[in-house]
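Everything below concerns the one structure shown next.
Keep in mind that what you see is a predicted model, and the values were worked out from it rather than measured. Reckoned from all heavy atoms, side chains included, excluding hydrogens, waters and symmetry mates.
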Amino acid sequence: MDQIHLMNVFVAVGEEEGFAAAARRLDLSPAAVTRAIASLEEQLGIKLLLRTTRNVRLTEAGRRYLDDTRNILASIVEANEAAAGVNSAPKGNLSVTASVLFGKTFVMPCIVRFLNEYPDVDVTALFLDRIVNLVDEGIDVAVRIGHLPDSSLKALRVGHVRRVLCASPEYLARHSVPQHPADLLRHTVIAASGISPRVEWKFGAVDDPTLVRLKPRLTVTSNDAAIEATTNGLGICRLLSYQIADELTAGRLKIILADYEEAPWPVHLVHRESKFGSSKVRNFIDLLAEELRAHPHLN
């Protein structure tokens with residue numbers, strides 16, 4: 001018998017907990033359902049169901065197989081739907097989120113290119129310096145910087161960034177270049193996040209870090225403001241490498257204590273789609289992943 005047919009019959013019996021109910025659901029005879037289950041168990045060489053005169057129960061192997069079979073059948077449906085629409089142009093609304101500076105620098109050029117290529121798509125971009133919940137807020141694609149928690153969401157790694165300490169050449173000329181994280185205690189510090197009166201910066205390996213607790217002279221909640229203050233020679237700031245790429249290229253900022261940096265942070269595209277998801281999401285992820293992977297400031 002056809003394997004997909006056998007799986008459909010088994011799912012119906014497992015969910016209905018009975019042969020007669022499954023037969024009614026599938027518009028088959030009870031005898032046909034019985035033959036299908038017997039054939040499937042014979043193929044697999046295991047007992048999937050325990051039958052009594054009163055009810056039908058799944059075995060432990062049957063419960064596992066029911067979960068796997070549901071997923072397989074759902075994937076077949078998704079694959080068929082995707083194949084039917086493979087030649088259709090993306091359309092509808094697409095929602096994207098990223099942090100403010102990353103979104104402005106890297107994501108927005110891809111959005112503009114995507115909109116020019118697909119005139120039937122509208123995009124809503126949420127550039128916020130907070131974690132946006134994709135499920136609760138109905139977001140299709142998010143850029144996440146840092147290590148991801150376990151979740152049911154799909155993730156595609158597209159690059160990495162570093163957490164770096166930086167200062168202007170003028171500041172370093174006036175106050176000397178720190179040679180060790182402990183030297184920061186004698187320097188002016190700019191904190192680029194939070195409102196705590198103290199910050200704790202971590203250096204080195206994850207399993208053996210060096211911690212330095214500092215009292216910032218200036219605390220701001222905007223990365224742009226922190227970059228402005230650092231570029232103007234106020235002090236030393238800790239930022240992500242992509243955030244100061246232009247300043248480094250122009251010589252307005254210099255990286256210090258590079259030998260003490262933590263391991264790079266991964267950059268992922270996070271989404272909820274299966275591999276057979278909507279064409280607008282698949283096409284945007286493909287475009288964004290290609291652009292980010294090719295960018296020198298992320299690799």
Side-chain angles (χ1 to χ4, degrees), residues 94-115 123-166 191-194 201-207 209 221-224 226-227 230 237-249 253 255 257-275 277 280-299:
L94 175 75
S95 54
V96 184
T97 187
S99 61
V100 174
L101 197 51
F102 194 100
K104 173 185 173 182
T105 306
F106 301 105
V107 181
M108 185 51 69
C110 292
I111 289 175
V112 172
R113 177 181 163 188
F114 188 74
L115 289 173
V123 172
T124 300
L126 282 75
F127 296 155
L128 303 167
D129 287 331
R130 66 172 176 86
I131 299 297
V132 176
N133 187 296
L134 272 65
V135 176
D136 292 347
E137 302 191 42
I139 302 299
D140 294 308
V141 183
V143 179
R144 294 279 191 262
I145 299 174
H147 298 286
L148 299 174
D150 292 333
S151 76
S152 60
L153 299 173
K154 313 294 191 303
L156 179 67
R157 184 162 179 165
V158 292
H160 65 264
V161 296
R162 296 153 51 207
R163 287 182 72 185
V164 299
L165 264 67
C166 60
S193 63
W201 286 350
K202 186 186 299 184
F203 299 88
V206 174
D207 55 352
T221 56
S222 161
N223 289 319
D224 283 333
I227 293 169
T230 308
C237 190
R238 190 175 213 182
L239 294 155
L240 293 175
S241 53
Y242 79 87
Q243 295 170 336
I244 57 170
D246 290 342
E247 285 73 16
L248 293 173
T249 300
L253 290 177
I255 290 176
L257 296 177
D259 292 341
Y260 294 91
E261 288 177 11
E262 297 176 290
W265 286 10
V267 179
H268 289 94
L269 301 185
V270 179
H271 59 97
R272 297 175 290 159
E273 293 289 327
S274 73
K275 61 183 177 181
K280 66 182 178 185
V281 175
R282 292 198 317 272
N283 279 274
F284 182 72
I285 288 173
D286 289 345
L287 171 63
L288 188 55
E290 178 185 0
E291 291 292 323
L292 296 183
R293 284 172 170 163
H295 204 290
H297 295 153
L298 300 177
N299 293 280

Answer whether the closest heavy-atom distance between the side chains of [X] and [Y] falls below 4.5 Å.
X	Y	value
Arg144	Ile131	yes
Arg163	Ile145	no
Arg162	Ile255	yes
Glu137	Leu126	yes
Val143	Leu269	yes
Phe127	Val107	yes
Phe106	Leu288	no
Leu115	Val123	yes

Spacing of [atom1] belonging to [X] relative to [atom2] belonging to [Y], to within rounding of 0.5 Å:
X	Y	atom1	atom2	answer
Thr230	Ile244	OG1	CD1	8.5 Å
Thr124	Ile111	OG1	CD1	9.5 Å
Thr97	Leu134	OG1	CG	7.5 Å
Leu148	His268	CG	NE2	5.0 Å

Item to complete: Could you walk me through whether Leu292 and Phe102 pass the side-chain contact (heavy atoms from CB on, under 4.5 Å) test, one step at a time?
Response: CA-CA 11 Å; Leu292 296 183; Phe102 194 100; 4.2 Å; yes
Worksheet item: How far apart are the C-alpha atoms of Val281 and Leu94, what are their side-chain angles, what is the distance that settles it, and do they pass the side-chain contact (heavy atoms from CB on, under 4.5 Å) test?
Response: CA-CA 7 Å; Val281 175; Leu94 175 75; 3.8 Å; yes
Using only atom types and a distance under 3.5 Å, with no angle test, would you say the side chain of [X] pairs donor to acceptor with the backbone of [Y]?
X	Y	answer
Arg293	Leu298	no
Ser99	Asp129	no
Ser95	Gly138	yes
His295	His297	yes

Worksheet item: Does the pair Tyr242 and Val267 meet the rule for a side-chain contact (heavy atoms from CB on, under 4.5 Å), with working shown?
Response: CA-CA 11 Å; Tyr242 79 87; Val267 179; over 6 Å; no
Item to complete: Decide whether a cation-pi geometry holds between Arg238 and Phe203; the criteria are a distance under 6.0 Å from NZ or CZ to the six-membered ring centre and an angle within 45° of the ring axis.
Response: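 Judged by the rule, Arg238 and Phe203 form a cation-pi pair.
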Worksheet entry | Least distance between heavy atoms, Pro109 atom then Lys104 atom | CD-O, 3.9 Å
Fill in: Where His147 and Pro264 come nearest, the two heavy atoms and their spacing
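Taking every non-hydrogen atom into account, NE2-O, 4.5 Å.
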Worksheet item: Step by step, would you call Leu101 with Leu240 a side-chain contact (heavy atoms from CB on, under 4.5 Å)?
Response: CA-CA 10 Å; Leu101 197 51; Leu240 293 175; over 6 Å; no
